[in-house]
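Structure first, then comments.
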Amino acid sequence: MAKSKKYYVVWEGHKPGVYNSWSECQQQINGFAGALFKSFGSLSDAKAAFANPSAVKSSSSKSKTMYYVVWQGKTPGIYDNWAEASAQIRGAQHPKYKSFGSKDLAEQAWKEGPEAFAGRSFKKTRDLTDAEKKRIGTPNMLSICVDAACNGKTGDCEYRGVITDSGTQIFHQGPYAKGTNNIGEFLGLVHALAYLQKSRSDLPIYSDSRVAMKWVKEKRIKTSSENPKLQQLLDRAVKWLHENTYTNPILKWETKAWGEIPADFGRK
């Protein structure tokens with residue numbers, strides 16, 4: 001049986017609108033931090049949702065409350081529904097805005113301004129309990145962080161490392177065919193360790209992948225790649241871990257508290 005036709009609404013993206021194919025939708029959301037989109041089974045439903053996004057949100061009682069900071073728009077402020085927020089953005093010259101899952105972070109962003117929150121997504125964040133805030137704390141910005149991206153259809157993966165406080169990219173490798181996100185995360189961590197060792201730096205390294213952190217700690221991986229080049233890189237990374245020592249702490253990036261890791265490729 002042929003798959004039913006789908007239509008895609010992009011509320012937040014390079015060019016918001018209704019699109020007839022996933023490829024068109026992807027062009028509007030790829031590389032756009034905080035993209036907001038959804039698929040619909042009919043064109044009429046998609047057009048109605050684009051015109052009245054609050055109706056889509058209210059249709060599900062389990063929907064997570066989102067907060068929208070509008071720094072520049074018709075009426076700047078913090079909004080708890082997209083219908084009101086989008087009304088401040090549409091037609092405004094050079095609007096600046098971002099979505100947050102955490103009210104606390106939204107209020108912080110409103111006070112600090114858009115520059116401190118540029119280039120990252122905070123949609124997965126949530127408000128923390130006092131105990132969580134005490135346990136998690138804040139990230140050490142004097143560090144580097146790594147992240148990977150993998151195309152689910154082609155299996156191409158890539159990874160990169162950036163300076164945490166500035167987001168300056170210090171290395172980027174790939175894409176490599178027939179990879180996985182875990183492979184990219186692991187290679188990124190080992191690359192960062194080798195980079196810092198060469199620089200004689202004891203900076204900590206952040207990763208949002210517990211799997212990759214475990215593989216580095218155990219000095220072994222629990223996967224392989226059909227791509228000979230990628231497998232060669234994995235073997236070399238494991239060999240490096242066995243032949244070298246390091247003092248750099250490898251720390252977990254707490255996405256729900258701090259937003260997407262600064263090394264994120266911005267394609268979610």
Side-chain angles (χ1 to χ4, degrees), residues 120-121 123-126 132 135-165 167-268:
R120 294 166 56 204
S121 172
K123 292 173 65 177
K124 292 183 180 179
T125 58
R126 63 175 176 80
E132 287 176 319
R135 176 178 61 82
I136 294 174
T138 56
N140 179 357
M141 303 305 284
L142 295 176
S143 60
I144 69 173
C145 57
V146 301
D147 197 33
C150 186
N151 186 315
K153 292 184 178 180
T154 65
D156 292 349
C157 74
E158 57 190 307
Y159 67 85
R160 69 177 188 146
V162 308
I163 298 173
T164 304
D165 61 354
T168 302
Q169 182 170 284
I170 52 179
F171 59 80
H172 173 236
Q173 297 293 318
Y176 301 107
K178 300 180 180 179
T180 65
N181 200 62
N182 285 335
I183 285 176
E185 298 273 7
F186 172 74
L187 291 174
L189 276 176
V190 179
H191 192 140
L193 288 169
Y195 174 89
L196 291 175
Q197 184 191 73
K198 187 175 181 180
S199 304
R200 298 183 180 180
S201 170
D202 60 357
L203 286 177
I205 305 168
Y206 279 103
S207 169
D208 60 9
S209 171
R210 295 188 186 278
V211 171
M213 293 170 66
K214 182 179 180 182
W215 288 354
V216 170
K217 182 179 180 180
E218 295 179 350
K219 300 182 181 181
R220 64 190 182 96
I221 59 175
K222 297 182 179 180
T223 190
S224 61
S225 174
E226 296 177 2
N227 179 349
K229 172 63 176 177
L230 198 52
Q231 187 61 48
Q232 183 182 31
L233 291 175
L234 289 169
D235 294 340
R236 188 171 71 180
V238 172
K239 185 173 184 290
W240 188 94
L241 289 172
H242 282 281
E243 295 178 351
N244 293 269
T245 59
Y246 58 89
T247 59
N248 309 86
I250 297 179
L251 308 173
K252 176 68 171 63
W253 183 267
E254 300 291 348
T255 303
K256 290 183 178 179
W258 307 330
E260 294 292 346
I261 193 166
D264 182 68
F265 282 82
R267 299 171 187 166
K268 296 180 176 67

In a table with atom names and distances, give each donor-acceptor pair under 3.5 Å that connects a side chain of residues 223-232 to protein atoms at least two apart or in another chain.
| from | atom 1 | to | atom 2 | distance (Å) |
| --- | --- | --- | --- | --- |
| Ser225 | OG | Lys178 | O | 2.8 |
| Ser225 | OG | Asn227 | N | 3.1 |
| Asn227 | OD1 | Lys229 | N | 3.0 |
| Asn227 | ND2 | Ala177 | O | 3.0 |
| Gln231 | OE1 | Ser225 | N | 2.8 |
| Gln231 | NE2 | Asp235 | OD1 | 3.0 |

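Looking at heavy atoms from C-beta onward, Pro139 lies in side-chain contact with Met141 at the 4.5 angstrom threshold. In this structure, the side chains of Val216 and Leu241 come closer than 4.5 Å at one or more pairs of heavy atoms. Under the 4.5 Å side-chain criterion, counting only non-hydrogen atoms from C-beta, Thr125 is not in contact with Thr255.
Using a 4.0 Å cut-off between charged nitrogen and carboxylate oxygen, Arg126 and Glu132 count as a salt-bridge pair.
Residues Ile136 and Ala257 approach most closely at CG2-CB, 4.1 Å, considering heavy atoms. Nearest approach of Ile221 to Trp215, heavy atoms of both residues: CG2-CE3, 3.7 Å. Here the closest non-hydrogen pair linking Gly188 and Tyr159 is CA-CD1, 3.4 Å. The two residues Gly184 and Ala148 have their closest heavy-atom pair at C-CB, 3.5 Å. Among all heavy-atom pairs drawn from Gly179 and Cys157, the shortest one is CA-SG, 3.8 Å. Across every non-hydrogen atom of Phe186 and Ala212, the tightest pair is N-CB, 3.6 Å.
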Please walk me through it: do Val238 and Leu234 pass side chain to side chain contact (heavy atoms under 4.5 Å, CB included)? CA-CA 6 Å; Val238 172; Leu234 289 169; 5.7 Å; no
I'd like to know whether Trp258 forms a side chain to side chain contact (heavy atoms under 4.5 Å, CB included) with Lys124, so could you lay out the CA-CA distance, the side-chain angles of the two residues, the decisive distance to 0.1 Å, and finally the verdict. CA-CA 9 Å; Trp258 307 330; Lys124 292 183 180 179; over 6 Å; no
Could you walk me through whether Leu193 and Asn244 satisfy the side chain to side chain contact (heavy atoms under 4.5 Å, CB included) test, starting with their C-alpha distance in whole Å, then the side-chain angles of each, then the deciding distance to 0.1 Å, before giving a yes or no? CA-CA 10 Å; Leu193 288 169; Asn244 293 269; over 6 Å; no
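Panel note: side chain Ser207, backbone Ser209; a donor-acceptor pair is recorded below 3.5 Å. Between the side chain of Tyr206 and the backbone N or O of Asn140, at least one donor-acceptor pair lies under 3.5 Å.
The distance from the CG atom of Leu233 to the CD atom of Gln173 is 8.0 Å, given to the nearest 0.5 Å. Distance check, rounded to the nearest 0.5 Å: CZ of Arg120 to CG of Asp264 gives 9.0 Å. The structure places CD of Glu260 at 11.5 Å from SG of Cys145, a figure rounded to the nearest 0.5 Å. A distance of 7.5 Å separates CG in Leu189 from CE in Met213, rounded to the nearest 0.5 Å. The CD1 atom of Ile144 lies 5.0 Å from the CD1 atom of Ile205; values are rounded to the nearest 0.5 Å. Of the inter-residue distances, the one linking Asp208 atom CG with Asn181 atom CG reads 8.0 Å to the nearest 0.5 angstrom.
Counted by atom type alone, His172 and Glu158 present one or more donor-acceptor pairs between their side chains at under 3.5 Å.
Counting heavy-atom neighbours within 6.0 Å of Lys252 NZ, excluding the residue itself, gives a total above 12.
For the pair Arg160 and Phe171, the cation does not sit on the ring face, since its NZ or CZ is not both under 6.0 Å from the ring centre and inside 45° of the axis.
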